Structure formats: C-alpha cells, structure tokens
Protein chains: 2
Amino acid sequence: MKISELAKRADISAHTIRYYEKLGLLKPTQRSESNYRIYTNDDVVTAKFIKRSKECGFSLAETSTLLAIKNDKSQHVCAEAKNMTSSKIVEISEQIAKLKRMQSTLQELEVLCCGGQESAEFCSIISNLEKVV
Amino acid sequence: MKISELAKRADISAHTIRYYEKLGLLKPTQRSESNYRIYTNDDVVTAKFIKRSKECGFSLAETSTLLAIKNDKSQHVCAEAKNMTSSKIVEISEQIAKLKRMQSTLQELEVLCCGGQESAEFCSIISNLEKVV
DNA sequence: CTTGACCTTAGATGTTACTCTAAGGTTTAT
DNA sequence: ATAAACCTTAGAGTAACATCTAAGGTCAAG
Ligand SMILES: [Zn+2]
Ligand SMILES: [Zn+2]
Ligand SMILES: [Zn+2]
Ligand SMILES: [Zn+2]
C-alpha cells in the first residue's frame with residue numbers, strides 16, 4: 001500500500017509518517033518504480049505500535065528503543081521493557097503530582113477572587129502572585 | 001541592583017531574565033552609565049510574580065497577560081484574572097486525566113511482564129503494544 | 001595596572017513533535 | 001487527454017522555554 005493508505009489505517013498523517021521515517025522509526029519495506037513508498041501489513045502493525053507507545057507517554061526516542069526490542073525480540077529481555085515501563089510510571093506520577101500542586105494553588109486563588117466587573121485593584125489572585133514570599 | 005543580584009534574589013538565571021526582557025515581561029527601570037541593567041525592588045517583585053505564575057502553570061504568554069493586569073490594576077477587572085485561573089484549572093485537570101489514563105495503561109502492562117532476563121520473545125509489554133486493536 | 005568577576009549584544013542551538021510549503025513528478029478515472 | 005488526486009524532496013516554520021556562544025566592554029581589589 002502507499003503512504004496515504006497506511007496513514008488511514010494507522011490513523012497517523014502521511015506527513016508524520018515521513019517524519020517518523022526520518023527519525024528511523026518506520027521505514028517502508030520497499031519503493032515502487034516511481035519511487036513511491038510501499039508499505040506492508042507489518043508496517044501497519046509497526047505504525048500502530050508507535051501510536052500506542054506514544055499514547056502510553058513514551059517519547060519518540062523511547063519508542064525507538066521499544067521498537068528495537070519489538071523488531072529483534074530474541075536479542076532483548078523482558079527486564080528492558082519492564083524497566084522502561086516502571087520508569088515511565090514514576091515519571092508520570094511525578095508529573096501528576098506537580099500538576100496537582102498547581103491545581104490546588106490555583107483553586108486557592110480562585111475561591112478568593114470575586115470574579116466580578118470591579119477593578120482589579122484589590123484582586124486577591126493578582127495580590128497573591130505579587131506577594132513576596 | 002545589577003542583573004546578577006536580581007537573579008539571586010528572584011532565583012531566576014540572568015540569562016532567563018534577559019530572555020524575559022526580550023519578551024517584554026520584565027524591563028529594567030533604568031540603565032547605568034555603562035549601559036548595565038539596573039533593577040529596583042519592584043523589579044524583584046515582578047520577577048517573583050513571573051516565577052509564581054509559571055509555577056501555577058501559566059505560560060509566559062499568559063503570564064504576560066497577568067502582568068498587564070498587575071501593572072495597571074485600575075484598567076482591569078477581577079473577572080479577567082478569575083477567568084484565566086478557572087480556565088487553567090480546567091486545562092490542568094484535563095492534563096491530569098490524560099496522565100492518569102497513561103498511568104493505568106502502563107500499570108496494566110507492568111504487572112503482566114515478568115521483568116526477568118529471559119528473551120523478550122513472549123514479553124507481554126511488547127506484544128500488547130503490537131496488538132492490532 | 002592587571003586580574004578576575006561581571007556586564008553587554010545579537011544570534012545560534014537545543015528539545016519534542018510535528019506541520020506546512022514549494023516545486024515538481026505520477027497515477028487514475030472520465 | 002486532461003484534471004484530480006496522489007506522490008516526491010529539502011527545508012522552513014511553529015510552540016514553549018530557555019540556554020549558550022562569541023566577542024567584547026566595565027569595574028573593584030590588591
Ligand atoms: Zn474582586
Ligand atoms: Zn479578583
Ligand atoms: Zn518475561
Ligand atoms: Zn516482558
């Protein structure tokens with residue numbers, strides 16, 4: 001199949017597929033006589049693999065590492081995949097914790113402000129941000 | 001005070017302070033004869049304002065809007081500050097929700113994998129990512 | 001009077017992940 | 001045969017947020 005077919009099946013834009021190729025993540029199996037990229041069903045699997053990996057929060061660089069495992073399983077061990085997964089869980093937990101801190105700070109600010117059409121002269125959101133700690 | 005003193009007091013690098021100036025967030029009150037940036041205590045307040053705003057999750061562009069309110073309170077109303085705060089809370093909630101989805105997917109993958117030194121041939125993390133949905 | 005710390009500028013570089021453009025070649029259907 | 005749809009490339013642009021570099025000027029202390 002050509003790139004637009006792969007794009008449709010994997011739900012990734014053709015642009016992005018070419019970009020992934022440039023990064024070495026997804027090379028078409030062959031080229032047609034007219035130099036068009038020709039993909040196989042295996043490439044669809046790989047494209048979806050990349051998409052799912054991204055949905056799990058792995059960067060393209062990390063996804064590349066996961067792809068290397070997928071593409072040569074016998075040369076890799078479970079520990080590699082599990083370590084990456086565990087690290088990512090920790091990383092995401094930290095991001096969630098940080099966002100929750102932001103959220104509660106913002107909520108504290110939000111309740112203090114009347115939100116009306118009066119001058120911001122005494123707005124508690126602004127004065128709280130201004131406050132020297 | 002000169003830039004490094006402000007940098008120390010606000011805990012922002014001098015580089016970053018110059019960058020903020022380029023963006024129009026923090027202009028030094030005056031320049032010395034030798035063209036050095038000279039800051040006042042008010043500038044320290046502003047610098048810390050920027051830092052706190054960032055810590056709340058506001059982008060530099062949004063921080064710029066907040067600064068405009070802070071710097072001319074009488075020309076702005078509480079509603080502006082409160083709307084920004086409420087929107088940011090929503091935005092952060094969405095980010096948290098997304099990260100939680102990732103986290104639970106990753107946790108499902110994690111428990112299935114033995115994590116041992118055996119070949120990744122049957123690694124459930126890899127095969128799950130590979131699985132055509 | 002020199003050494004080292006500090007200051008200046010414009011602009012290049014880095015990260016992540018695309019997204020788009022221009023200028024052109026190919027395929028397919030009517 | 002010709003128009004629409006599709007393909008190619010290199011490279012530029014975007015967003016967000018810095019971080020660093022080069023090449024040079026200034027200041028305070030010993
Ligand atoms: Zn109010
Ligand atoms: Zn208010
Ligand atoms: Zn295993
Ligand atoms: Zn495994």
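Proteins get letters first, then strands, A, B, ... in listed order; numbering begins at 1 in each. Remember, predicted model here, so these are calculated numbers, not experimental data.
- Comment: B:Lys48 does not engage B:Glu55 in a salt bridge, judged by the lack of any side-chain N to carboxylate O separation of less than 4.0 angstrom.
- Here the OG1 atom belonging to B:Thr85 is positioned 3.5 Å from the CD1 atom belonging to A:Ile125, to the nearest 0.5 angstrom.
- Under 3.5 Å, the side chains of A:Ser53 and A:Glu62 contain no donor-acceptor pair of N or O atoms.
- When rounded to the nearest whole Å, the span between CG of B:Leu26 and P of D:dA18 equals 13 Å.
- Rounded to 10 degrees, the angle between the two end axes of the helix from C:dC1-D:dG30 to C:dT30-D:dA1 is 20°, with five pairs used at each end.
- Residue-level contact check: A:Leu23 touches neither bases nor backbone, having no heavy atom under 4.0 Å from any strand.
- The pair B:Arg52-A:Glu130 fails the salt-bridge criterion, with no side-chain N (NZ, NE, NH1 or NH2) lying under 4.0 Å from an Asp/Glu carboxylate O.
- Judged by closest nucleotide on DNA chain C, B:Ile3 is the one of B:Lys22 and B:Ile3 placed further toward the 5' end.
- Considering only side-chain N and O atoms, A:Lys54 lies nowhere under 4.0 angstrom from the phosphate OP1 or OP2 of C:dT16.
- Residues of residues 87-106 of chain A having a heavy atom closer than 4.0 Å to DNA chain C: none are found.
- The NZ atom of B:Lys8 sits 13 Å away from the C1' atom of C:dC6 (whole-angstrom rounding).
- In summary, the side chains of A:Lys70 and A:Thr46 do present a donor paired with an acceptor at a separation below 3.5 Å, with no hydrogens or angles considered.
- An OP1 or OP2 oxygen of D:dA18 is reached within less than 4.0 angstrom by a side-chain nitrogen or oxygen of B:Tyr20.
- The pair A:Glu94-A:Lys98 does not meet the salt-bridge criterion, since no charged nitrogen lies less than 4.0 angstrom from a carboxylate oxygen.
- A donor atom on one side chain and an acceptor atom on the other are found under 3.5 Å apart for B:Thr29 and B:Asp43.
- For the pair A:Glu91 and A:Lys88, the salt-bridge criterion is met [side-chain N within less than 4.0 Å of a carboxylate O].
- Formation of a donor-acceptor pair under 3.5 Å by the A:Glu80 side chain with backbone atoms of A:Val77 is found in this model.
- Salt bridge status for A:Glu21 with A:Arg31: present, with a side-chain N to carboxylate O gap under 4.0 Å.
- Residues of residues 29-37 of chain A having a heavy atom closer than 4.0 Å to DNA chain D, listed by number: A:Arg31, A:Asn35, A:Tyr36, A:Arg37.
- The side chain of B:His15 lies closest to D:dC20 when the candidates are C:dT8, D:dC20, D:dT19.
- Rounded to an integer number of Å, the gap from B:Ile38 CD1 to C:dC6 P is 15 Å.
- The side chain of B:Leu60 approaches D:dA18 more closely than any other nucleotide in the set C:dC20, D:dA18, C:dT19.
- Heavy-atom distances to DNA chain D give each of A:Ser4 and B:Ser59 a nearest nucleotide, and the one nearer the 5′ end belongs to A:Ser4.
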